[in-house]
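Notes to accompany the following structure.
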Amino acid sequence: MVFADRLRTGRHRARLAAGLLLAVLTGGFSATALAAWPDRPIHLVVPFPAGSSPDTLARAIAEPLSQSLGQPIVVENKPGAGGNIGTRFVARSEADGNTLLYTINGPLVTAPTLYKKTLGYDPFTDLAPISLVATSPNVLTVSGDMANIYTAGDLAKLATSRPGALNYGSVGPGSSAHLAMEMFKQQAKVDLAHIPYSGFPQVITAIISGDVQAGFMVPAIAMPQVRAGKARALAVTSLARSPLLPDLPTMVEQGYPGFESISWNAVLAPAGTPTPIIERLNSELARIITSEPLRKQMALQYFTPAASTPEALTRRMRDEKARYDTVIDTLKLSLD
C-alpha cells in the first residue's frame, strides 16, 4: 500500500511537471505557482443550501480530498436561482485551482435554455469539467391507494381514459421532475396537468392524499413512503436498473425507448484552470468516489458512484442538454 501511494504520488507529480511548459507558454500559471499547487485552502462552492443532498455529498468528498491534497477544503454554500448564483460565481472566479464547483445537473444542462437572458455564464465555455461524482434515477410514483396502477403503461391508460382529469406534482417549472413528466406525456401521448410545489416532501404528501395522481420523485423521499405502503413506485428513469432499486423496472423496459431523466452530481472548475490541476483533481476524485466509505454514504441517498473523465462529463452535459432542450422548446418554457 505504501508503495502504491508513492507510485500514485509520483505519477501526480509527473503529470504536473509535464504540464508546466504548456501552462507557461499559454499564459497560464508561472512554473513556480503551478508546481506549488495547492498552497492554500481550496473553496468547494455548492450552489445549494446547507443540508441539501449536493451539500451532503460535497462534504463527504471534502475531507478525503483535503487529506490527499494536503490543504483544507472549505465547503461554501452559495444558494439561489436554482443553483445559478453559485455556479455563476465559480464561472467568474480565478482559474487557479483554488475555487471549485460541486453541483447537480440543472445549472449545467437546463439553465442555459431556461434562463437565456439572465444566466450570466455558459457552462460549456466558462467551466472546466473535472469529474462526474454520482448518479441517481427519479422514481415514477403514485398513491398506494390507486387501484390497478402498477406500471407506467397503466398510468398512461388511465390518463387516456380520463383526458385532462389527472394531474401531477413537481418541484417547479424546469425541474427534472417537471421535465421528466413532460417527456412521459410526449411519449405516451397523454395529458396530465402540472401542479408545482415548493419541495419533494410536499409533492409526496400530495400524491399520498390524492391531490395529485403522480409525480417523478427522488427516491430518498419516495421510497420510505413506498415501503410504508402509502405510495407505489412504478419505474425508474435510468436507462438501466438502479443497483439500489433492483426490483424496479426502467421506463425503457416498460415501453418508453430512450427514456432517461436522472439526477447527477459533478465537480467542475473555472475555464482555463491548468490541465495538470484538472488531471490531479480527476485522479484524486476517482479514488475517493470509488472508495467503500463514500459508496455507503451515497447509498443512503440512493446515489451510485460514477467517476468519469472530464471528456465523458462534457459529453453527458451536451447529450442531456439536447434531450431536455427538445422538451423545453416544445413547452415554450422560459424562466427569465
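Nothing here was measured: the structure is a model prediction, and the numbers come from that model.
D39 places no side-chain N or O within donor-acceptor distance of the main-chain N or O of A36, the cut-off being under 3.5 Å. The closest donor-acceptor contact from the side chain of W37 to the backbone of G97 lies under 3.5 Å. Although no hydrogens or angles enter the test, the distance criterion places no donor-acceptor pair under 3.5 Å between the side chain of Q225 and the main chain of A222. Put simply, the side chain of D191 never gets that close to the backbone of P163: no donor and acceptor are under 3.5 Å apart. Side-chain N or O atoms of R92 include one that pairs as donor or acceptor with a backbone N or O of G120 at under 3.5 Å. The backbone N or O of V45 lies less than 3.5 Å from no partner atom in the side chain of K78, so there is not a single donor-acceptor pair. A donor-acceptor contact shorter than 3.5 Å links the side chain of T110 to the backbone of G106. Remark: side-chain polar atoms of S66 are not paired, donor with acceptor, to backbone N or O of A62 under 3.5 angstrom. The backbone N or O of I262 sits nowhere less than 3.5 Å from a side-chain atom of N138 that would complete a donor-acceptor pair. A distance-only check finds a donor-acceptor pair linking the side chain of S308 to the backbone of L132 [under 3.5 Å].
Annotation: side chain of P270 is in contact with side chain of V90 (closest heavy-atom distance under 4.5 Å). Two residues are said to be in side-chain contact when any heavy atoms from C-beta on lie closer than 4.5 Å; V133 and L57 fail this criterion. Between V267 and L281, every side-chain heavy-atom pair lies at or beyond the 4.5 Å cut-off. In this structure, the side chains of M223 and L245 come closer than 4.5 Å at one or more pairs of heavy atoms. Two residues are said to be in side-chain contact when any heavy atoms from C-beta on lie closer than 4.5 Å; K230 and I204 fail this criterion. P196 has its side chain within reach of P173: a pair of non-hydrogen atoms, C-beta onward, lies under 4.5 Å apart. Residues S143 and Q213 have side chains not in contact (no heavy-atom distance under 4.5 Å, counting atoms from C-beta outward). Between L108 and L268 there is a side-chain heavy-atom pair separated by less than 4.5 Å.
Qualifying ring-ring contact (aromatic ring centres under 6.0 Å, His included) partners for Y102, counting only residues two or more places apart in sequence or in other chains: none.
In the hydrophobic clustering of ILVMFWY residues, with side-chain heavy atoms under 4.5 Å counting as a link, L127 and I104 come out apart. Two different hydrophobic clusters hold L239 and V236 under the rule that ILVMFWY side chains link at heavy-atom gaps under 4.5 Å. Put simply, I288 and I278 are part of the same group of oily side chains (I, L, V, M, F, W, Y) that touch within less than 4.5 Å, one to the next. V226 and V218 fall into different hydrophobic clusters, where Ile, Leu, Val, Met, Phe, Trp and Tyr are joined by side-chain heavy atoms under 4.5 Å apart, directly or via other members. I149 and F259 fall within the same hydrophobic cluster, where Ile, Leu, Val, Met, Phe, Trp and Tyr residues are linked whenever their side-chain heavy atoms come under 4.5 Å apart, directly or through other members.
Of the listed residues (S53, S263, S136), just one forms a side-chain hydrogen bond (donor to acceptor under 3.5 Å, both in side chains) with Q301, and that residue is S53.
If you take CG on L158 and CG on L166, they are separated by 5.0 Å, rounding to the nearest 0.5 Å. Taking CG from L155 and OH from Y168, the interatomic distance works out to 12.0 Å, rounded to the nearest 0.5 Å. Rounded to the nearest 0.5 angstrom, T151 OG1 and K157 NZ are separated by 7.0 Å. Atom CZ of F184 is separated from atom OG of S261 by 13.0 Å, given to the nearest 0.5 angstrom. With rounding to the nearest 0.5 Å, the separation of CG in D325 from OG1 in T330 is 10.0 Å. Atom CE in M217 sits 10.5 Å away from atom OG in S176 (nearest 0.5 Å).
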E311/R315 under salt bridge (charged side-chain N to carboxylate O under 4.0 Å, His left out): CA gap, chis, key distance, verdict: CA-CA 6 Å; E311 294 77 17; R315 287 194 298 272; over 6 Å; no

Evaluation steps, side chain to side chain contact (heavy atoms under 4.5 Å, CB included), between T250 and Y256: CA-CA 9 Å; T250 66; Y256 300 91; over 6 Å; no

Derivation and outcome, side chain to side chain contact (heavy atoms under 4.5 Å, CB included), residues Y121 and N84: CA-CA 9 Å; Y121 65 90; N84 297 346; 3.5 Å; yes

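Within a 6.0 Å radius of CD in E63, no more than 12 heavy atoms belonging to other residues, nucleotides or ligands are found. When the shell of 6.0 Å around CG of D329 is examined, it contains more than 12 heavy atoms from other residues, nucleotides or ligands.
Of all the heavy atoms in M251 and A235, the pair that sits closest is SD-CB, 3.7 Å. Summarising the geometry of F216 relative to L140, their closest heavy-atom pair is CE2-CB, 3.6 Å, with the distance given to 0.1 Å. Here the closest heavy-atom approach between residue M317 and residue P129 is recorded as SD-CG, 4.2 Å. Taking all atoms of both residues into account, the shortest heavy-atom contact from N77 to F48 is ND2-O, 2.9 Å. Across every non-hydrogen atom of R295 and P305, the tightest pair is CG-CG, 3.9 Å. Across all non-hydrogen atoms, the minimal contact from P137 to Y302 is CD-O, 4.4 Å.
Classification of R323 and D319 as a salt-bridged pair fails, no side-chain N sitting under 4.0 Å from a carboxylate O.
Remark: R232 qualifies as a cation-pi partner of Y150 under the 6.0 Å distance and 45° angle criteria applied to the six-membered ring.
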